[in-house]
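Throughout, a chain's letter reflects where its sequence line sits, starting with A, and its residues are numbered from 1.
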Amino acid sequence: MMGKFWYKIGPIIVVVIAIFVLWYAAAVGLNTAWAKDKAKRAGVELTTSEIIKDTMSQKKPKLPAPHQVGAEIWKTTVEKKVTSKRSLIYHSSVTLSSTLLGFVMGTSLGIALAVGIVYNRTMDMSVMPWVIASQTIPILAIAPMIIVVLNAVGISGLLPKAVISMYLSFFPVVVGMVKGLRSPDHMQLDQMKTWSASGSQQFWKLRLPSSMPYLFTSLKIAMAAALVGAIIGELPTGAVAGLGARLLAGSYYGQTIQIWSALIMAAALAASLVGIIGMIQAVVLKRMGMVQ
Amino acid sequence: MSWIIAGLAIWLLGWGANVYLSGLPRTRTTGLLVPIIFGVTLILIWECVVRGFDISPVLLPAPSKIAIRFANSTDILWVDFVQTVLKGALSGYIVGCGSAFAMAICVDRFPFLQRGLLPVGNFVAALPIIGMAPILVMWFGFDWQSKAAVVVVMVFFPMLVNTVQGLQATDSMQRDLMRTYAAGYWKTLFKLRLPAAMPFIFNGLKIGTTLALIGAIVAEFFGSPIRGMGFRISTSVGQLALDLVWAEIVVAAVVGSAFYGGVALLEKAVTFWHPSQRG
């Protein structure tokens, strides 16, 4: 049992440690120039160990060391009040709310479209190619326009950002659900027929349950996409609030530590959201008896 | 008023035509015609709605206006295309996919690395990597190099994960057969494992096409020289020149579809043997 655990986890730990080592090495490499420059202007000669020490503690490093980012995250989450504009939790919650709203809208739209596509041949033939084509369009490019236009109509705040999240997240759901709703084979559909099941019974008792594994897989992708949409949606609003705003403000003022802490926070958010869906998936599929 | 009636008429006409066509036995022509009718109908309705309800061009310009603007500013659009697509997206795409491919081949030789890198790579591929854009713009400057760097980072992980998975796609029976032919590592790689990995590799390449364009355009929001599609979009939105924004979007859409379509065609040529391509 223990051996199997280490067989799986061991390599991951090694890779993660390697990433941290590389990160520190890169921080030293990238920040040395600035440290030397500073020392030269101050007229002092630095030993190698002093240079390394300096690269780890600069105010605006090219690449902050992991512990600097960690300290910044600690400072802006635990030590700040949640309501403060400088609290990362506040900014994360802003992003999270539009992510979730967009995710719910995108998922509903996706499922509705998928049901239409599966049950209506006209829709299948006319909409499906455009759904696929819509994803080859770099949709994030029009994020600024959506925000500005919706603002001009008088819709501001959460909804414009959620619309972008929705657009990004509906696609994986449509594709996954179409596949899932079509996954029952002829034998199963015939069986429903012999039981003289009506159309709605066929949908609720056969097609929908058998699409669940596909649905959860696409929900995970959709959630990650929705978060990206929310972050990008925050850029053109002039950096008011949210993780995207922190990124933009950080890049305006060269606050690299702030950028990295927002980035790590976004990563943690994405990981936990996807993780929650994964947990729901495990429970639901187990209760449905779909896990072997 | 007449525009609205015209819009309704076009809607009914397009809908009716599609219902009729999709009732016919499915052939190549109907498979192509139905989505085209759907798209054209949508654009015509858009035109009629904008004219009928007198929607301000600051909010939503009519398709005809966008087409005129497109024709009048081809020089600007071309400059932006070269800057963003050719210099930023394409160079980053080639470097990113190439290095991910090479890395996957290396990783493949060490099962330990494989078991470690696959979960981490999968995890990283789900992260909002686009957030790296401001950092990379700081490191590599405002010009296209930073955009290419963003694209490299964005396409790297999906490509890596797909290639590594693809290289595992052969079963032991097939590998044993190669051994009985006395084929060495490289021969097995080129004759068996790489061809078998192609469907996976092309999956990664296709995901990469969209990511590359998105990366190149969004990176320009964080700073760029005074050309480029992302730059043009964000400044034109500020000037309320929405017809130019839409013209850029048309370019982006055409380029994105062409890029994806090109890779898909290549896939068809390379993996003609795969069940998904034979149908």
J.: Does the side chain of B:Ile214 reach to within under 4.5 Å of the side chain of A:Val228, using non-hydrogen atoms?
T.: no
J.: Do any of residues 218-227 of chain A come closer than 4.5 Å to chain B, heavy atom to heavy atom, and if so which ones, in number order?
T.: A:Ala224, A:Leu227
J.: For A:Leu243, is it the side chain, the backbone, both or neither that has a heavy atom under 4.5 Å from a heavy atom of chain B?
T.: neither
J.: Under a 4.5 Å heavy-atom cut-off, does chain A meet the side chain of B:Met132, its backbone, both or neither?
T.: both
J.: Heavy atoms only, distances under 4.5 angstrom: which of B:Phe259, B:Trp15, B:Trp246 has the most pairs with chain A? Name it, please.
T.: B:Trp246
J.: Just checking A:Phe20: does its CZ atom have more than 12 heavy atoms from other residues, nucleotides or ligands closer to it than 6.0 angstrom?
T.: no
J.: What parts of residues 133-142 of chain B touch chain A if we use heavy atoms and a cut-off under 4.5 Å?
T.: B:Pro134, B:Ile135, B:Met138, B:Trp139
J.: If the condition is salt bridge (Lys or Arg N to Asp or Glu O under 4.0 Å), which residues does B:Arg115 pass it with, not counting sequence neighbours?
T.: none
J.: Only pairs of heavy atoms separated by less than 4.5 Å count here; which of A:Thr256, A:Leu63, A:Ile9 has the most with chain B?
T.: A:Leu63
J.: Under the salt bridge (Lys or Arg N to Asp or Glu O under 4.0 Å) test, which residues partner A:Arg182, sequence neighbours left out?
T.: A:Asp124
J.: Got more than 12 heavy atoms from elsewhere within 6.0 Å of CH2, A:Trp23?
T.: yes
J.: Please report the interatomic distance CG(A:Leu247) to CD1(B:Ile130), rounded to the nearest 0.5 Å.
T.: 10.5 Å
J.: Among A:Gly10, A:Ala262, A:Pro11, A:Ala18, which has the most heavy-atom pairs under 4.5 Å with chain B?
T.: A:Pro11
